[in-house]
Protein chains: 4
Amino acid sequence: MAQLGLIGLGKMGFNMRERLRGAGHEVVGYDRNPDVTDSTSLEDLVSKLDGPRIVWIMVPAGEPTRQTVAELGNLLSEGDLVIDGGNSKYTDDRINADLLAAKKIGYLDCGVSGGVWGKDNGYGLMVGGAASDVEKAMPIFDALRPEGPREEGFSHAGAVGSGHYAKMIHNGIEYGMMQAFAEGFELLEAAKVVENVPAVIKGWQRGTVVRSWLLDLLVRALDEDPELDDLEGYVEDSGEGRWTLEEAINNAVPAPVISAALFARFASRQEDSAAMRAVAALRNQFGGHSVKKVGG
Amino acid sequence: MAQLGLIGLGKMGFNMRERLRGAGHEVVGYDRNPDVTDSTSLEDLVSKLDGPRIVWIMVPAGEPTRQTVAELGNLLSEGDLVIDGGNSKYTDDRINADLLAAKKIGYLDCGVSGGVWGKDNGYGLMVGGAASDVEKAMPIFDALRPEGPREEGFSHAGAVGSGHYAKMIHNGIEYGMMQAFAEGFELLEAAKVVENVPAVIKGWQRGTVVRSWLLDLLVRALDEDPELDDLEGYVEDSGEGRWTLEEAINNAVPAPVISAALFARFASRQEDSAAMRAVAALRNQFGGHSVKKVGG
Amino acid sequence: MAQLGLIGLGKMGFNMRERLRGAGHEVVGYDRNPDVTDSTSLEDLVSKLDGPRIVWIMVPAGEPTRQTVAELGNLLSEGDLVIDGGNSKYTDDRINADLLAAKKIGYLDCGVSGGVWGKDNGYGLMVGGAASDVEKAMPIFDALRPEGPREEGFSHAGAVGSGHYAKMIHNGIEYGMMQAFAEGFELLEAAKVVENVPAVIKGWQRGTVVRSWLLDLLVRALDEDPELDDLEGYVEDSGEGRWTLEEAINNAVPAPVISAALFARFASRQEDSAAMRAVAALRNQFGGHSVKKVGG
Amino acid sequence: MAQLGLIGLGKMGFNMRERLRGAGHEVVGYDRNPDVTDSTSLEDLVSKLDGPRIVWIMVPAGEPTRQTVAELGNLLSEGDLVIDGGNSKYTDDRINADLLAAKKIGYLDCGVSGGVWGKDNGYGLMVGGAASDVEKAMPIFDALRPEGPREEGFSHAGAVGSGHYAKMIHNGIEYGMMQAFAEGFELLEAAKVVENVPAVIKGWQRGTVVRSWLLDLLVRALDEDPELDDLEGYVEDSGEGRWTLEEAINNAVPAPVISAALFARFASRQEDSAAMRAVAALRNQFGGHSVKKVGG
């Protein structure tokens, strides 16, 4: 059985520790939250691991991850291995890897998909880095990934950065799929030709072309709230959709569906749209079309 | 000087009567509103015109226009001419023309652009029908169109229906242009890099690639309300954008800009979006992402 | 065991006959192709069925289906039941149902999903019509639908027309999902950050948010042709995507993802784009930007 | 009369020198092309100007502009002023300004619109920087901008960077407007309801809502080539459309029209689309739909 240091025991990291321990691995966790941590500091965590160590980072992307990498660079030893399993932008990985390589510490980036269901179902994993490092961490990856053939829930995508790149594109696709279901749901709701919308969507789970895990989740949501009217149509975005669109720009690849899905989220968060005020103003100017005045 | 019967003296028809009279033509108007009408009924209007008569219909598209055409079919005589200057769908024109042709009454469809500014500036005209009928009505068209070369403010687009078709496409383009300005305006407002947004937009009126009448109108709107915050971002659509998109579907022509402009209007009128409630529900299901609960 | 008349033994109908017979039902098929038919004419087919009869139509949507319904109206008897399982537009169903109702013949519309895989996996079914008619045909539906809970592969969507409506929306969603995967695939191919694109996509099959039957099919396609370069990027559309967009227009529902997916198909079939020639012409006019001349 | 150093005498710079000289200003130009240059080097150019000097840079954005700024930093003196009139990204301006400010040299960024027509019509100008620097250069701006009220062809947008920001958004709007006209043109061409497409478009020049300079240019292009079939539908993009979309991402502003216009350009340059090969492959997998094989 393998041993792992795991930094960050939030929603994702906590569950991953559970899954790894369930598979018989030893996990020493660190989190600032004393209720969940197994160690008192990064130093303490590192001291509790036998060399060569593997340390998995599962903290928010950006500054927190970069800073954790930097601290580990000072604490770990030659031959150790750091894995960033968070949602980092793939361009951070080269920087992290170079920083650690200067100290002969290995680095892998690992995109992790599956959300809160991963604890029981396993996590889809996409890994970037050297094959020898991937090999070292394979017992951990095998415990985290879903059961079944390894290649159906795990991939070694390529060099450092490619794991997060693959996860970024995965999330861009996810945005588009969610919006496709969402538009279909709204059309069914609006047209009222179908009388039992939740039953129709539930009936798509087997045999159809759209059957998918997202569909299963939509069925689950509709079971709890058949018209989804306990929720507001307000949707955050976590960064990876934006980065996917940036990649479309950088590579001159048309991405109309992914951009439409992202823009729909932006629009969902606007109380009022400056753009549409401009259109209303223009219509009023040329046609004397009536407009809604604020407070009117 | 010519003589014209004009049915429908609303915002557009009333102004057109003014412009025609200003050009020295005789106009007998009919409207249900006794304050503006020159005749008491369609019969009365027809009786006040010398043959061969020209009668211009300027009433709402759809049933009102089709019914007026039918009534005129019973009142007019061989050799008379009916012009539909309203915003009819081009597929109505063939029906109207056939109905009148059975009684040897001519028919032209005329798309009219220019809004409330047409009275002084003249109206852009796009006409469909037989060349001989166009010729008969040319003094009227010449009075309504803007000054300058005839071919810059008037076109004979082709057979019956083509005038309204040209106007429909004109409006589709107009939707796209308005949305382009609107997105630019919102970006300027949101980014706050430009300190004086109205001054920048005003400064685009001469020399730039985007100079246009719509830009002039946007400048006018910003002069009155520099952040357009007296208005709500709520925008109606009048039908012609929808028909343009239907034509894109029917002809398998990609129309991403025109459809985006139309959808932005649809979205502007939604209090809450069922689609985005579905996306929020999905995110909540797989990731435990927080959602906004109604009343929460 | 039930008895069914089945008209149309093409790719779909032929397989459905196989599946139904495999489940022990008696199927009398009719097709113009003498190699596959069980009867020599519609009359012959009807004569071979015991009353009350159930006849399933599986011929191309539009005129062929409408004509088959009309002929069946003359051949069937009070109490018989016709099911249209083809891809008819939902507005045809009311017409078909009324025609048959005049002769006291029942009518159901059934959207069928699953393609060539349905023979073995079962078909996803969405049915519109009277509950009593649905009940009569349930043994047939149960044989055609996938194994597992009935409500996960079958739905009674509502009144006549709602089955095809549900199938239309299903296909609109399918367009959006396919385009989402397609954009992701192109981004991975273009950016070349991921070295092994097929391995990454194969690794999404378990544990990830995008896991789905369409993903499984993409993996299958990549197994056969890792860069998909035996194919041209030329994609037909079968009508249901267009109808979904028409419904978006008619119900004022924004459908940016579904429309983008449809437009991408339109564009894929164009040798050259008139729109983009216009953009090239404009750039050339204002900026002296170089353009590609035909044959240049 | 003012004196100006002008670096870069390409299509734009050459014309600007003409316009400035026509207005009576003294211009010392520098270009690597000996046929057009007035000086042999940047040193020579600087030596030919009286202090306090104004030097206008009109070279390609990015490295060429940044390098020119750096060289000028070594050649100019306290109190001199550099204006970047090229198409630089607005984020470069702060860097340029800081570099020069260290030597007490002023800096303005100036977005310039109008293309090859600017020589005669004047250029639309958007300027960012300190009001005192704007004041110094005003005689130059007044000569370059179109006749008419200054505020209709010139704006002081705000601090350093805001001029290029305004120009970037201007170009984003321009992309959307061009695509709107392009879609309308393609629809008219495809539907063939309008018989005389160039006449209809020419007839939109007066009185209509879409009247604009871009429309005038489209008319001009159609006068030369009525179906635009001497051109290929292949369209470059110059960077500012991409940056506008990046700004939409960064500010969470929906920009469906501007992104659609940009993606249409990307697609216009693809021989074949990997995305559409993926859609074709998926349809083939699930439905046995026929596909176009390469060379087939």
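The chains referred to below are lettered A, B, ... by the order of the sequence lines, with proteins before strands, and numbering in each begins at 1. Just so it is clear, the structure is predicted and the values come from calculations on it, not from any experiment.
Annotation: the span from Leu214(B) atom CG to Arg211(D) atom CZ amounts to 9.0 Å, rounded to 0.5 Å. With values rounded to the nearest 0.5 angstrom, Ile169(B) atom CD1 is found 5.0 Å from Leu188(D) atom CG. Rounding to the nearest 0.5 Å places OH of Tyr123(B) at 14.0 Å from OG1 of Thr208(D). We find the OH-CD distance between Tyr165(B) and Glu195(D) to be 13.0 Å, quoted to the nearest 0.5 Å. Between atom CD of residue Gln179(D) and atom CD1 of residue Ile173(B) there is a gap of 11.5 Å, rounded to the nearest 0.5 Å.
Residues Ala261(B) and Val257(D) approach most closely at N-CG2, 4.2 Å, considering heavy atoms. Ser162(B) and Val193(D) make their closest contact through CB-O, 3.5 Å (heavy atoms, listed as atom of the first residue, atom of the second, distance). Residues Asn251(D) and Ala191(B) come closest through the heavy atom pair OD1-CA, 3.6 Å. Summarising the geometry of Gly114(D) relative to Val209(B), their closest heavy-atom pair is N-CG2, 4.3 Å, with the distance given to 0.1 Å.
Using a 4.5 Å cut-off on side-chain heavy atoms (C-beta onward), Val210(D) and Trp213(B) make no contact. You'll find the side chain of Asn196(D) stays beyond 4.5 Å of the side chain of His156(B), heavy atoms only. At least one side-chain heavy atom of Glu186(D) sits less than 4.5 Å from a side-chain heavy atom of Pro254(B). Looking at heavy atoms from C-beta onward, Pro149(B) lies in side-chain contact with Arg206(D) at the 4.5 angstrom threshold. Residues Trp204(B) and Met126(D) meet the side-chain proximity criterion, which asks for heavy atoms closer than 4.5 Å. Residues Pro256(D) and Glu183(B) have side chains in contact (heavy-atom distance under 4.5 Å, counting atoms from C-beta outward).
The part of Phe154(D) that comes within reach of chain B is its backbone (N, CA, C, O), which places non-hydrogen atoms under 4.5 angstrom from that chain. Neither the backbone nor the side chain of Phe263(D) comes within contact range of chain B, judged by heavy atoms closer than 4.5 Å. Neither the backbone nor the side chain of Glu189(D) comes within contact range of chain B, judged by heavy atoms closer than 4.5 Å. Contacts of Ala159(D) with chain B are made by both backbone and side-chain atoms, with heavy-atom separations under 4.5 Å.
Ion pairing of Lys202(D) with Glu151(B) is absent here, as no side-chain N (NZ or NE/NH1/NH2) approaches a carboxylate O to less than 4.0 Å.
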